[in-house]
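Heavy-atom basis, side chains included; hydrogens, waters and symmetry copies ignored. Per chain, numbering begins at 1; letters A, B, ... match sequence-line order.
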Number of protein chains: 2
Amino acid sequence: MTREMMIGDAAKAAGCSVPTIRYYESVGLLAEAARTAAGHRSYRRQDVERLTLIRRCRDFGMSINQVKTLIAIRESPSSCDNALEAVTLHREQLNARIADLKALDRALALIVARCEADCAGGASSCCTIYDDLAVA
Amino acid sequence: MTREMMIGDAAKAAGCSVPTIRYYESVGLLAEAARTAAGHRSYRRQDVERLTLIRRCRDFGMSINQVKTLIAIRESPSSCDNALEAVTLHREQLNARIADLKALDRALALIVARCEADCAGGASSCCTIYDDLAVA
DNA sequence: TATGCGGCCTCAAGTAGCTTGAGGTGCAAG
DNA sequence: CTTGCACCTCAAGCTACTTGAGGCCGCATA
């Protein structure tokens with residue numbers, strides 16, 4: 001059993017699509033893959049591990065650039081604290097985003113409540129929802 | 001005092017940028033604006049109200065298509081319940097998104113905790129963060 | 001009168017992170 | 001020999017705008 005695999009199997013192993021792998025290569029997140037005689041990309045175990053790391057970071061909502069940074073930290077002779085810091089910063093952004101979305105939902109809840117109390121079932125042309133939404 | 005205003009003032013009044021207004025027009029969210037003799041777009045009070053409604057809906061995280069739907073409901077002889085339903089659906093999507101982000105944050109919190117306990121300050125090349133992130 | 005400035009105009013391209021499609025090659029099985 | 005699959009490249013499409021190039025119009029100032 002060789003350890004080399006083609007792009008389709010690498011995609012299955014890492015849980016992403018084939019064009020996504022080519023895209024990651026094109027933006028420099030993945031080094032240019034080795035090629036077989038036929039010109040097909042060939043991947044080894046460590047390539048698939050890296051791909052899995054990238055895909056998981058993306059699942060966690062990190063941007064391509066954040067993932068690039070994290071990988072660069074790992075590959076430089078730096079301290080673990082740097083990776084910790086990058087992930088912690090990402091958590092902060094995540095929590096800020098959550099707070100924003102919650103505030104939006106609370107505002108929408110008020111608007112919905114007023115419509116239900118004052119005009120539900122009436123004509124949409126005079127529904128309070130539109131007035132409430134348009135408050136600058 | 002005329003009630004007509006040019007695009008710059010409309011943008012200020014509605015709280016969006018000038019190119020954004022032109023963009024909304026180009027995608028059919030706003031009807032084609034009237035023009036002055038010089039070919040400049042001209043807006044009246046009700047145009048600015050509609051623009052404000054659009055901008056607010058977008059602030060609330062609705063997509064262009066959701067806003068289109070909401071405006072279409074308002075302008076059709078339908079019941080207020082339809083608008084209520086559209087906004088309620090959007091709230092459900094919002095809450096699903098919030099739940100997803102919270103789950104991500106909890107997963108990242110565990111990863112951070114393990115790094116802090118086991119390897120913080122060590123070399124990033126053997127940091128548990130990378131292994132934990134790459135768990136498929 | 002010249003000239004500079006601000007606001008408007010159009011059209012095109014850039015942003016993120018991919019996906020989708022067109023058109024073509026290589027290899028193995030039937 | 002032909003069918004079919006997996007691979008290849010390059011280009012365009014998606015969302016919601018922003019940014020930039022290049023140009024017109026009218027007013028105010030030197």
[options]: which one has an atom nearest the side-chain heavy atoms of [X]?
X: B/S63; options: D/dA16, C/dC8, D/dC7; value: D/dA16
X: B/I7; options: D/dC7, D/dC17, C/dC8; value: C/dC8
X: A/H40; options: C/dC8, C/dT20, D/dC7; value: D/dC7

Integer-rounded Å distance: [N] [atom2] and [X] [atom1]:
X: B/R35; N: D/dC25; atom1: CZ; atom2: P; value: 14 Å
X: B/I64; N: D/dG13; atom1: CD1; atom2: P; value: 19 Å
X: B/I54; N: D/dT15; atom1: CD1; atom2: P; value: 17 Å
X: A/M5; N: D/dC7; atom1: CE; atom2: P; value: 11 Å
X: B/Y43; N: C/dC9; atom1: OH; atom2: C1'; value: 12 Å
X: B/E25; N: C/dC9; atom1: CD; atom2: P; value: 9 Å
X: B/I21; N: D/dT18; atom1: CD1; atom2: C1'; value: 14 Å
X: A/L51; N: C/dG17; atom1: CG; atom2: P; value: 16 Å

**Study point:** Closest-nucleotide 5' rank along DNA chain C - winner of A/T20 and A/A38
**Key:**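 Counting from the 5' end, the first nearest nucleotide belongs to A/T20.
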
**Study point:** 5'-most by nearest nucleotide on DNA chain C - A/Y23 or B/S42
**Key:**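 Between the two, 5'-proximity favours B/S42.
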
Check your understanding: Between B/N65 and B/P19, who's closer to the 5' end of DNA chain D by nearest nucleotide?
Key ->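 Per heavy-atom nearest nucleotide, the more 5' residue is B/N65.
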
[Y] backbone acceptor or donor facing [X] side chain under 3.5 Å:
X: A/T20; Y: A/C16; answer: no
X: A/S78; Y: A/I73; answer: yes
X: B/H90; Y: B/F60; answer: yes

Exercise for review: Report yes if a side-chain nitrogen or oxygen of A/R41 is closer than 4.0 Å to either non-bridging phosphate oxygen (OP1 or OP2) of D/dT9; otherwise report no.
Suggested key: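 For D/dT9, OP1 or OP2 has a side-chain N or O of A/R41 closer than 4.0 Å.
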
Review point. Is there a side-chain polar atom (N or O) of B/Y24 under 4.0 Å from OP1 or OP2 of D/dA16?
Key: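 Indeed not, no polar side-chain atom of B/Y24 lies that close.
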
Exercise for review: Please name the pair of heavy atoms, one in B/C115 and one in B/T128, separated by the smallest distance, quoted to 0.1 Å.
Suggested key: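 That closest heavy-atom pairing would be CA-OG1, 3.4 Å.
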
Exercise for review: Please report how far the helix from C/dT1-D/dA30 to C/dG30-D/dC1 bends, comparing the axis fitted to its first five pairs with the axis fitted to its last five, to the nearest 10 degrees.
Suggested key: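 Angle reported: 30°, given to the nearest ten degrees.
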
**Study point:** Salt bridge B/R41-B/E32, side-chain N to carboxylate O under 4.0 Å
**Key:**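 Salt bridge absent between B/R41 and B/E32.
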
**Study point:** From CA spacing to verdict: salt bridge (Lys or Arg N to Asp or Glu O under 4.0 Å), B/E75, B/R50
**Key:** CA-CA 12 Å; B/E75 289 177 359; B/R50 172 141 170 181; 2.9 Å; yes

**Study point:** Contact check, side chains of A/R74 and A/I71, non-hydrogen atoms, under 4.5 Å
**Key:**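 No, too far: nothing below the 4.5 Å cut-off.
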
Practice item. May I ask you to say what B/R22 touches in the nucleic acid, namely base, sugar-phosphate or nothing, with a heavy-atom cut-off under 4.0 Å? Key: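 Counting heavy atoms under 4.0 Å across all strands, the contact made by B/R22 includes a base.
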
